[in-house]
Protein chains: 2
Amino acid sequence: MSANPEKDNRMSESTKTTQKPRHHRCDTCDVRHKAMCAAVDYEHTDQLQAIVSHRDYAPGQVIFEEGDPADYVFNVSNGEVRLYKLLPDGRRQVTGFLTSGDFLGLVTDSSYAYGAEAIGQVELCCMQLGNLERLLSDIPPVRERLLDMSRDELAAAQEQMLLLGRKTAREKIFSFLLNRHNHLNRTDGDASVDLPMSRTDIADYLGLTIETVSRTFTALRDEGLIELPNPHHVIFPDMDAVRDAAEAA
Amino acid sequence: MSANPEKDNRMSESTKTTQKPRHHRCDTCDVRHKAMCAAVDYEHTDQLQAIVSHRDYAPGQVIFEEGDPADYVFNVSNGEVRLYKLLPDGRRQVTGFLTSGDFLGLVTDSSYAYGAEAIGQVELCCMQLGNLERLLSDIPPVRERLLDMSRDELAAAQEQMLLLGRKTAREKIFSFLLNRHNHLNRTDGDASVDLPMSRTDIADYLGLTIETVSRTFTALRDEGLIELPNPHHVIFPDMDAVRDAAEAA
DNA sequence: GGTTCGAATTGAGCCACGTCAATGAAACTT
DNA sequence: AAGTTTCATTGACGTGGCTCAATTCGAACC
C-alpha cells in the first residue's frame, strides 16, 4: 500500500483560487477542435466567449478536491492535470491524466467525484456549472459532443480496470508507455514519450509502488528496450521490439 | 493471473440470436423509470414502442463479444449481466454487473468496447443503434438522460479503479458486499445480499483469484461478520459491525 | 564549490496473495 | 443410486511486488 502526502506540492487554500484573468479568444483558441467547444458553432461563439474565463495553476496546486461543491467545470487549455481518489488512510489512486482539450469536472450530487491537481504549470478554461447547463440546452450538439467524450472516457476507464486488475507490473508499464505514445505523440516518427508526472504519480496510476516502477524502468533500460536520458523522458530505440515485448508479457 | 474459459457456459453462435419476440408494452414496462426510456415522454411512447424488441438469454449465454460490430443497444429488463474484457492469454477482468434498468452497449468505432454475457436467465430490451440515434435527435431529454447515466457509470468506474489499484483482498470483498447492499436492496430492513454470479466472476471483478475470494468469505464467516447459508447468499447479522470492519481495513 | 532538499534508484528481506493440488458438496444424467 | 460434472472450499507452498532502509542524482541555493 502506498501513502503519498506530497505535502508541499499542495498549495494553501488561499492560493487555490488564484486567478489571472487574461483575454483569451474562443474563436482563435488552439485547443477548441479537441475540446467540448468544438460543438459550438460560429453563431454561438459569442455566447461561449461570454461565460468562460481563464485560470493559471502552479505545479502541484490543487484545482479541486473530491467532494468539493462543484460550481465550475473546466477545459484544460495547457499543461497536464492528475485526477485521483483517496482512501481515508491516504492511499491514493490516480484515475487519469488530462492534457489540453480534455474536459474536467465530473459531478455527482453536485460535488466533484474526484480530486484534481496541476502537475506542471497548468492553464484552464472554466465556466460555471449553471452556464454549462444553459449551453447544453441552447446548443444541442454540445450535449452530443459531451456524451461522445464521456463514452470514450468510459472505454478508457474499462481498459484501465483491465490493467489494474489483471496485468503484471511489467505489462502495466508497457501499456502506460504505449498508451502515452499513441495518444499524445505530436510528430509522427517520434519514438519517444514525455512523462511530466513523478514516479509517485505513475505508481499511483498503475496500482504499484514507486520502487516497483523504478525497478521496472531500470530493467527495461538494461534490456535495451528503452532509453532513459532523464526520469521524465523515455526513448524507444526499436518500437517494434517494444510492441513485441509488450505482447509477450 | 486467472484464466477462465467457462467453456460450456458459452453457447454456440447459432443460439446467440435466439429470439422469442413477445409482446411487451413500453407504457406498462416496470423498469422504465430506471432506464434510459424514462426520458421518453407520453407523446413519444409509440415511437419508442415501434423500435424496441425483446430477447431472452440462457444462463452463460454470450450477448456480444468485445469488438463485435455494434448494431444493437440494450436495456436490461430482467436478470443479471456481466461485462468483461479479456487479455490475449485469457485473463479476464469483469468490468461490471448490470441489472434491470441498466443500459448496455457502449460503443467505440462502432464496435462494442467489452463483452457481455448473461449470468442467470436474462431478458433484454433491444433496439438498433440507428434507431437509438434517431431517438436521440428526436427527443432531446433522452440524450440528457443518457449523459447523466454515463456520468454515474464513470464515477462508479473510478471507484472501481481505486478498489483495484489500492485496496486489500479483504477491503475489496467488503466494498463489493456493501456496494451490492446499498445499490440493490429492495426491502429496506433486509441485511442480506444476493450474489447470482460465480466465485470466478467475483474474483475477476475484484482482481483476485477464486481461492482468495473463497478464503476471505470463510474468514469473515469465522469472525461472525457474515453468514453464508449458501455460496450465493450473504447475511449480515450486525450491519454496523460490518461497516466498522470495512472502514478499519 | 559546497550544502541542502526532494526525487529517483538500488538493495535486502518479507508477506499477501497467487499457484497447484486435493477434497467436498450440489446438481444433472442415465 | 451410482457416475459425471461443475463449483466452492481448503491446504501446502511459492513468488511478485511491497516494506524498510540506504544511497545516488540533480537542481537550486548560498
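Please read these numbers as outputs of a predicted model, since none were measured by experiment. Chain letters run A, B, ... following the sequence lines, proteins first, then strands; residues in each count from 1.
- The phosphate of C/dT10 (OP1 or OP2) has a side-chain N or O of A/Thr218 nearer than 4.0 angstrom.
- Across A/Pro237 and A/Ile235, no two heavy atoms sit closer than the pair CD-O, 3.3 Å.
- Counting only heavy atoms from C-beta on, A/Ser198 has its side chain closest to C/dA8 among D/dG11, D/dC18, C/dA8.
- For the pair A/His232 and B/Ala169, both in contact range of DNA chain C, the more 5′-proximal nearest nucleotide belongs to A/His232.
- For a distance-only test at 3.5 Å, the side chain of A/Arg170 fails to qualify as a donor-acceptor partner of the base of D/dG16.
- The nucleotide whose nearest atom lies closest to any side-chain atom of A/Arg221 is, among C/dT10, D/dC18, D/dT9, C/dT10.
- Heavy atoms of A/Ser214 sit under 4.0 angstrom from at least one base atom.
- A cation-pi contact, defined as under 6.0 Å to the ring centre and within 45° of the axis, is absent between B/Arg55 and B/Phe74.
- A donor-acceptor pair under 3.5 Å links the side-chain atoms of B/Arg166 to the main chain of A/Arg92, judged by distance alone.
- Proximity of B/Arg199 to the phosphate of D/dT10: no side-chain N or O atom is located under 4.0 Å from OP1 or OP2.
- Set against C/dT9, D/dT9, C/dT19, the side chain of B/Arg215 has C/dT19 as its closest nucleotide.
- Listed candidates were C/dC17, D/dT10, C/dT9. Nearest to the side chain of B/Glu211 is D/dT10.
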